[in-house]
Amino acid sequence: MDKFLINGGNKLFGSIEITTAKNAILPILAGCILCEDKIVLHKCPLYADVVNMIKILKNLGADIKYLTKDAEMENNCDIIIDCSNLKSYNIPHELASVIRSSIFSLGSILGRFKKAKVAYPGGCEIGARPIDLHIKGLRALNVKLTDKHGYIYCEGKDMKGGIVNLDFPSVGATENIILAAVLTKGETKIINAAKEPEIIDLIKFLNSMGAKITGAGTSVITINGVEKLNGCEYTPIPDRIIAGTYLVATLITGGKIDIHNFRPDHNQALLEKLKQTNNKWKIKNDILTVKCDGKNKAISKIETSPYPGFPTDMQAQILALQTKSKGTSIIIENLFETRYKHVPELIKMGANITCKDRTAIITGVEKLYGASVNATDLRGGVGLVLAGLCAEGYTTIENVHHIDRGYYKIEEDLKSLGADIERID
Ligand code: UD1
């Protein structure tokens, strides 16, 4: 398993271009299953989760071509997806277990074949992550579901539109139900739907193929089933979490960077909280420029919540920032119950954190010190990278394959900004 070796203390300087959002392109790739024409997706990133999702599509029988010089997949390349000859409605355990987003393919496969067999999904180890809301939603569309030996079996020959009342605005359940309803006769209404920018992007993509979906970005989404979808060309949105990660990385080390392809409208909750650090930045067109000295005031309270609230996917990075900020900060993690696995690792580096249940209290210290730490999930792992960048001495981070799920060669990006970081095995 690869590790990162970081010699902390370098400030970050230069510019970086934000690549496509993992959480946008994953459901969009699942959506391709619904279409029998060719689809061109621009700027497809090579995060491990995306590579695995492409394997899932190929396993179903999709023909996928890369529009690159050597016809091999490269980061940010354009791809053509042809799902006209799908031969399978089954996602086997070996593929589904490595990526939670395999669950979206359930809705798409059902929409296309009116039946599906999908192994229970994998993904980050950050809590129970049940799929009861997905199942409840599909049942409201008249799907019969059973589970046996780790597989979910779905029978959808009598599928029809219905009303789905979500107890919680789950991102994945909202996407899955949308995907199941697009080719299902009648009107489906999702009440208490998630409002994330990635949901809006999925709906824009589906509507560009002829789907009839309204209410994107609001808590009520209405889908009127259509007979078929046409091919399209689409560029998904940039990754707001990667953008936030590089912004926080610069605040923690000091320096000056330009973040290109930055969407302030998608990062409002983060920018609002970061104002409390006493730093300033400029945003012109889609470029955010930040210049700072690495000295930050603590943010008094941060509470994660569904969009437009503070994103749980930025919790580990902002927590790392608080470990070296002046003052005390309280973080409350409302989305995932065990999303503090980076905390004991940060304590090894000298951080002062008390953690109980969903609350972490962080008192900033003068210095963090390099240590040998372990990444146990994607965002927690990247939080450790940020701590390593500002720590005194060498930090080794084990199991960086978790980070590769949502960042493509993060070490190359950080090196290009002046960080001293290497991937070692
Ligand atoms: C998506 C994102 C993930 C992000 C999360 C919350 C993708 C690929 N992943 O994950 O990066 O951290 O949103 O913003 O887009 N829940 C249930 N039952 C369900 C479904 C969810 O109880 O059937 C609970 C979960 O356990 C969790 C909460 O709802 O506590 C939020 O989960 P959800 O919004 O579904 O997250 P994901 O779609 O898994």
How long is the gap from CD1 on Ile318 to CD1 on Ile302, to the nearest 0.5 Å? 4.5 Å
Would you say the side-chain atoms of Thr289 and Asp258 include a donor-acceptor pair closer than 3.5 Å? yes
Qualifying salt bridge (charged side-chain N to carboxylate O under 4.0 Å, His left out) pairs with a residue from residues 14-32, counting only residues at least two apart or across chains: Lys22-Asp49
Test side-chain contact (heavy atoms from CB on, under 4.5 Å) on Arg379 and Thr312; report intermediate values, then the result. CA-CA 9 Å; Arg379 308 300 172 187; Thr312 174; over 6 Å; no
Taking the side chain as every heavy atom from C-beta outward, state whether Leu183 and Leu229 have any pair of such atoms under 4.5 Å apart. yes
Can you check side-chain hydrogen bond (donor to acceptor under 3.5 Å, both in side chains) on Gln315 and His342, steps first, answer last? CA-CA 10 Å; Gln315 178 259 101; His342 42 292; 3.0 Å; yes
May I ask you to check whether His266 and Glu198 show a side-chain donor-acceptor distance below 3.5 Å? no
Compute both the distance and the angle, then confirm whether Lys117 meets the cation-pi test with Tyr89: under 6.0 Å from the six-membered ring centre, within 45 degrees of the axis. no
Side-chain H-bond candidate by donor/acceptor type, Lys189 with Thr222, under 3.5 Å: yes
Please check if the side chain of Asp201 supplies one atom and the backbone of Ile237 the other of a donor-acceptor pair under 3.5 Å. yes
Should Tyr407 and Thr19 be marked as a side-chain hydrogen bond (donor to acceptor under 3.5 Å, both in side chains) after you check the CA-CA gap, both sets of side-chain angles, and the distance that decides it? CA-CA 9 Å; Tyr407 297 80; Thr19 43; over 6 Å; no
Within the 3.5 Å criterion, strictly below it, is a donor on Asn142 or Asp158 matched to an acceptor on the partner's side chain? no
Counting the benzene-type ring for Trp, do Tyr47 and Tyr408 have ring centres under 6.0 Å apart? no
Around atom CD of Glu94, are there more than 12 heavy atoms from other residues, nucleotides or ligands closer than 6.0 Å? yes
Does any part of the side chain of Phe205, heavy atoms only, come nearer than 4.5 Å to the side chain of Cys232, both counted from C-beta? yes
Other residues, nucleotides and ligands only: do more than 12 of their heavy atoms fall within 6.0 Å of NZ on Lys273? yes
What I'd like to find out is whether the side chain of Glu155 reaches to under 4.5 Å of the side chain of Val143, using heavy atoms alone. no
Atom CG of Leu206 and atom CD1 of Ile223: how far apart are they, to the nearest 0.5 Å? 9.5 Å
In Val51, Asp404, Asn76, the residue satisfying side-chain contact (heavy atoms from CB on, under 4.5 Å) with Leu46 is Val51
Answer whether the closest heavy-atom distance between the side chains of Asn10 and Leu417 falls below 4.5 Å. no
Does Ile287 offer a backbone N or O that forms a donor-acceptor pair with the side chain of Asn285 under 3.5 Å? no
Rounded distance [0.5 Å steps], CZ in Arg240 versus CG in Asp265: 10.5 Å
Does the side-chain contact (heavy atoms from CB on, under 4.5 Å) test come out yes or no for Leu67 and Ile80, once each step is laid out? CA-CA 7 Å; Leu67 294 173; Ile80 306 182; 3.8 Å; yes
Which of Asp377, Asp313, Thr304 passes side-chain hydrogen bond (donor to acceptor under 3.5 Å, both in side chains) with Arg339? Answer is Asp313
Within 6.0 Å of NZ in Lys11, more than 12 heavy atoms from elsewhere: yes
Please confirm whether the backbone N or O of Gln322 pairs with a side-chain atom of Asn296, one donor and one acceptor, at under 3.5 Å? no
Is it the case that over 12 heavy atoms from other parts of the model lie below 6.0 angstrom from the NE2 atom of His260? yes
Could you go step by step and tell me if Arg423 and Glu412 meet the salt bridge (charged side-chain N to carboxylate O under 4.0 Å, His left out) rule? CA-CA 9 Å; Arg423 183 181 289 258; Glu412 299 291 332; over 6 Å; no
Are there more than 12 heavy atoms of other residues, nucleotides or ligands under 6.0 Å from atom NZ of Lys115? no
Do Ile109 and Leu86 have side-chain heavy atoms sitting under 4.5 Å apart? no
Side-chain donor-acceptor contact under 3.5 Å, Tyr246 with Asp413: yes
Quick one: does Asp82's side chain have a donor or acceptor within less than 3.5 Å of a partner on Ser84's backbone? yes
Looking at Gln276 and Ser300, would you say the former's side chain and the latter's main chain have a donor-acceptor pair under 3.5 Å? yes
Is there a side-chain contact between Lys43 and Asn261, using heavy atoms and a 4.5 Å cut-off? yes
To the nearest 0.5 Å, tell me how far Ile252 CD1 sits from Leu12 CG. 10.0 Å
What verdict does the side-chain hydrogen bond (donor to acceptor under 3.5 Å, both in side chains) test give for Asn279 and Thr277, after you've listed the backbone C-alpha separation in whole Å, the side-chain angles of each residue and the deciding distance to 0.1 Å? CA-CA 6 Å; Asn279 285 290; Thr277 63; 3.1 Å; yes
Against His42, only a single residue in Thr235, Asp78, Thr20 fulfils side-chain hydrogen bond (donor to acceptor under 3.5 Å, both in side chains); can you say which? Asp78
Check whether any side-chain N or O of Tyr340 sits under 3.5 Å from a backbone N or O of Arg358 as a donor-acceptor pair, and report yes or no. yes
Would you say the side-chain atoms of Asp63 and Asn85 include a donor-acceptor pair closer than 3.5 Å? no
Can a side-chain donor-acceptor contact be found between Glu303 and Asn334 if the only test is distance below 3.5 angstrom? yes
Checking side-chain contact (heavy atoms from CB on, under 4.5 Å) for the pair Lys275/Trp281: CA distance, chi angles, key distance, verdict? CA-CA 9 Å; Lys275 280 184 189 163; Trp281 48 84; 4.2 Å; yes
If you count the non-hydrogen atoms of other residues, nucleotides and ligands that lie under 6.0 Å from NZ in Lys87, is the total more than 12? yes
Lys38 NZ: over 12 foreign heavy atoms closer than 6.0 Å: no
Quick check: do Tyr234 and Ile39 have side-chain heavy atoms less than 4.5 Å from each other? no
Using modelled atom types only, decide if a donor and an acceptor are shared between the side chain of Thr359 and the backbone of Ile332 within a distance under 3.5 Å. no
Side-chain (Glu333) to main-chain (Phe336) donor-acceptor, under 3.5 angstrom: yes
Under a 3.5 Å distance rule, please check whether Arg139 uses its side chain to pair with a backbone N or O of Leu145 as donor and acceptor. yes
Can you check whether Leu166's main-chain N or O pairs, donor with acceptor, with Ser170's side chain at less than 3.5 Å? no
Verify salt bridge (charged side-chain N to carboxylate O under 4.0 Å, His left out) between Glu74 and Lys69, making sure each step is shown before the conclusion. CA-CA 10 Å; Glu74 285 169 10; Lys69 205 163 46 17; 5.6 Å; no
In sequence, state the C-alpha distance, the side-chain angles, and the governing distance for Leu384 and Thr395, and then conclude on side-chain contact (heavy atoms from CB on, under 4.5 Å). CA-CA 9 Å; Leu384 298 178; Thr395 297; over 6 Å; no
When you measure from the centre of the six-membered ring of Tyr307, is the NZ or CZ of Lys195 closer than 6.0 Å and no more than 45° off the axis? no
Are Thr396 and Val373 side-chain neighbours, meaning at least one heavy-atom pair lies under 4.5 Å? no
